[in-house]
Peer 1: 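Below you'll find the structure I mean.
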Number of protein chains: 2
Amino acid sequence: MPRTPLSRERILSKAMEMADAEGLSALSMRKVAAQLDVEAMSLYNHVKNKGDMIDGITDLVAGEITLPTPDFDWKGEMRARSQSAHRVLMRHPWAVSVFVESGLPGPNMMTYLDASLGCLMAVGFTPVQADLARNTIDNHIYGFTRQQLARPRRARDFKRVAKAEAKAIPKDSYPALHRRSLALADTTAEEREDFDFGLTLILDGLEALL
Amino acid sequence: MPRTPLSRERILSKAMEMADAEGLSALSMRKVAAQLDVEAMSLYNHVKNKGDMIDGITDLVAGEITLPTPDFDWKGEMRARSQSAHRVLMRHPWAVSVFVESGLPGPNMMTYLDASLGCLMAVGFTPVQADLARNTIDNHIYGFTRQQLARPRRARDFKRVAKAEAKAIPKDSYPALHRRSLALADTTAEEREDFDFGLTLILDGLEALL
DNA sequence: TACAAAAACTTACGACGTAAGCACATCAGA
DNA sequence: TCTGATGTGCTTACGTCGTAAGTTTTTGTA
């Protein structure tokens with residue numbers, strides 16, 4: 001009986017699906033192969049090695065991010081693309097850590113970097129300023145997303161975990177930490193998931209440099 | 001001939017040394033044991049498992065960071081502790097990624113978090129604001145440090161790599177990226193390693209909230 | 001000296017990434 | 001139709017990993 005042939009696309013697509021569902025550490029050549037009804041070594045006909053496979057799905061993720069365009073309203077553009085990146089990374093939780101330490105970026109990532117730098121340089125930032133600015137913004141995106149992923153999404157669960165955390169922290173040794181956990185338990189999702197808090201800090205600060 | 005007995009401290013100290021020298025991925029129970037003239041399984045008498053070992057050395061790193069104290073000059077305090085954290089993480093390159101996704105923090109890390117939050121809350125930030133602020137600051141520290149670690153430290157090497165990078169980026173497809181690499185090649189270390197650039201953005205922005 | 005507890009060692013299992021080589025299918029040119 | 005090349009998938013195998021289980025050795029105390 002004929003099987004649909006393997007291909008780089010089929011491999012990457014299944015690998016992405018598995019990473020989204022179970023995290024990067026659950027991705028092994030053997031498991032991806034099994035999901036495709038194939039032996040592990042067959043993947044190597046279409047993919048250089050595991051690193052290449054991960055680079056592949058990482059660049060697919062990069063391709064999902066909405067690009068900024070050069071515009072008078074550069075802050076709006078950067079805010080929009082930051083929120084897009086944030087949403088995309090929330091959909092692909094494993095990707096944050098890979099984004100953050102990817103050596104040579106793939107084509108989609110390059111396009112994303114180029115568009116961001118281009119948007120900033122078009123309104124007067126020097127290339128070096130634009131580089132620093134983009135780094136600062138992306139650091140915020142990555143860090144914020146990572147932190148949000150580490151917390152329960154559902155309000156009820158969040159509250160429960162925050163309260164348990166507060167109880168587990170000795171009030172005498174760590175008073176501020178303790179107080180924070182208590183306070184967090186009583187926040188709304190809007191308050192605590194305030195992506196724009198740090199972003200606005202950064203964008204307004206950047207504007208003052210122009 | 002008598003051997004100095006194993007202990008948690010001896011294990012963590014050697015593991016830290018190895019991680020500093022060769023990176024986290026080169027740390028295996030077998031290799032750490034070998035460096036201590038001992039078999040792998042012996043480590044398990046003093047350390048719960050590999051994760052516990054890594055948590056252990058991570059908290060040692062956290063302990064090296066200078067703590068902020070509540071002070072009228074909270075910006076100075078936060079800047080000092082940020083620079084300290086940056087320096088410490090540069091000494092222990094492997095630690096950035098662990099810091100960033102550590103689940104339950106160790107005692108030194110808790111102390112560090114508590115001191116930072118305490119410093120911010122003492123000058124009037126609400127607990128939730130302090131939490132967001134500390135996150136934003138730490139995200140900047142981690143991101144900036146990671147990026148700096150990825151680049152050559154020596155000026156000559158940096159220039160060479162930046163130029164090679166510029167040459168490798170197609171000018172037509174990625175004009176802004178290309179221009180940035182060219183510009184970076186002509187910067188001084190002070191310009192490009194401007195840790196305070198983003199930090200000041202954030203601190204000044206925070207001050208406006210008070 | 002005797003004995004219990006702690007520490008170190010041995011062996012083994014089931015993962016992992018991937019090198020090397022083999023088997024089979026597809027297709028080109030004769 | 002036959003032949004050989006090319007590419008795709010499979011088999012086997014090696015060295016690495018974390019660590020469970022069981023055994024021996026060392027150490028501290030009575």
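Residue numbers begin at 1 in each chain, while the letters A, B, ... track the order of the sequences.
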Peer 1: Kindly write out the residues that satisfy salt bridge (charged side-chain N to carboxylate O under 4.0 Å, His left out) with A:D52, not counting sequence neighbours, or none if the list is empty.
Peer 2: A:R8
Peer 1: In whole Å, what is the span from the CG atom of A:L36 to the P atom of D:dT8?
Peer 2: 15 Å
Peer 1: Among B:V61, B:I54, B:I57, which residue meets the side-chain contact (heavy atoms from CB on, under 4.5 Å) test with B:V98?
Peer 2: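 Result: among B:V61, B:I54, B:I57, B:I54 is the only option passing the side-chain contact (heavy atoms from CB on, under 4.5 Å) with B:V98.
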Peer 1: With side chain to side chain contact (heavy atoms under 4.5 Å, CB included) as the criterion, how do B:D55 and B:S102 come out once you've worked through the C-alpha distance, each side chain's angles and the decisive distance to 0.1 Å?
Peer 2: CA-CA 8 Å; B:D55 288 351; B:S102 76; 5.8 Å; no
Peer 1: Could you work out, with salt bridge (charged side-chain N to carboxylate O under 4.0 Å, His left out) as the rule, every residue matching A:E22, not counting sequence neighbours?
Peer 2: none
Peer 1: What is the distance, to the nearest angstrom, from the CD atom on B:E39 to the C1' atom on D:dA21?
Peer 2: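 Nearest whole value for this atom pair: 16 Å.
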Peer 1: B:M53 CE to D:dC17 C1': how many Å, rounded?
Peer 2: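 One finds 12 Å between C1' of D:dC17 and CE of B:M53, rounded.
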Peer 1: Show me the pairs that pass side-chain hydrogen bond (donor to acceptor under 3.5 Å, both in side chains) and involve residues 75-89 of chain A, at least two apart or across chains.
Peer 2: A:T66-A:S84, A:T69-A:E77, A:K75-A:D204, A:K75-A:E207, A:R79-A:T200, A:R81-A:Y112, A:R81-A:S116, A:R81-A:D138, A:Q83-A:D196, A:H86-A:T145
Peer 1: Atom CG of B:L6 to atom P of D:dT25: distance rounded to whole Å?
Peer 2: 19 Å
Peer 1: Apply salt bridge (Lys or Arg N to Asp or Glu O under 4.0 Å) to residues B:R160 and B:E165 and explain how you reach the verdict.
Peer 2: CA-CA 9 Å; B:R160 188 172 39 74; B:E165 195 178 283; over 6 Å; no
Peer 1: Would you jot down, in residue-number order, the residues of residues 40-52 of chain B having a non-hydrogen atom under 4.0 Å from DNA chain D?
Peer 2: B:M41, B:Y44, B:N49, B:K50
Peer 1: Dump the pairs, protein N or O against N or O of nucleotides 22-27 of chain C, anything under 3.5 Å, distances to one decimal.
Peer 2:
none

Peer 1: Between residues 18-33 of chain B and DNA chain C, which residues have a heavy-atom gap below 4.0 Å?
Peer 2: B:R30
Peer 1: Going from CG on A:N108 to CE on A:M110, what distance comes out if it is rounded to the nearest 0.5 angstrom?
Peer 2: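 Taking CG in A:N108 and CE in A:M110, the distance rounds to 11.0 Å.
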Peer 1: Does A:L27 offer a backbone N or O that forms a donor-acceptor pair with the side chain of A:K50 under 3.5 Å?
Peer 2: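 Between the backbone of A:L27 and the side chain of A:K50 there is a qualifying donor-acceptor contact (under 3.5 Å).
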Peer 1: With no hydrogens and no angle check, just 3.5 Å: does a side-chain donor-acceptor pair link B:D20 and B:H92?
Peer 2: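 B:H92 and B:D20 do have a side-chain donor-acceptor pair below 3.5 Å.
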Peer 1: Give a yes/no verdict on a cation-pi contact between B:R151 and B:F158, requiring under 6.0 Å between NZ or CZ and the six-membered ring centre and an angle within 45° of the axis.
Peer 2: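 Verdict for B:F158: no cation-pi partner in B:R151.
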Peer 1: Going by atom types only, do B:E9 and B:H46 share a side-chain donor-acceptor pair under 3.5 Å?
Peer 2: no
Peer 1: May I have the distance from B:I11 (atom CD1) to C:dA8 (atom P), rounded to whole angstrom?
Peer 2: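 Value for this atom pair: 8 Å.
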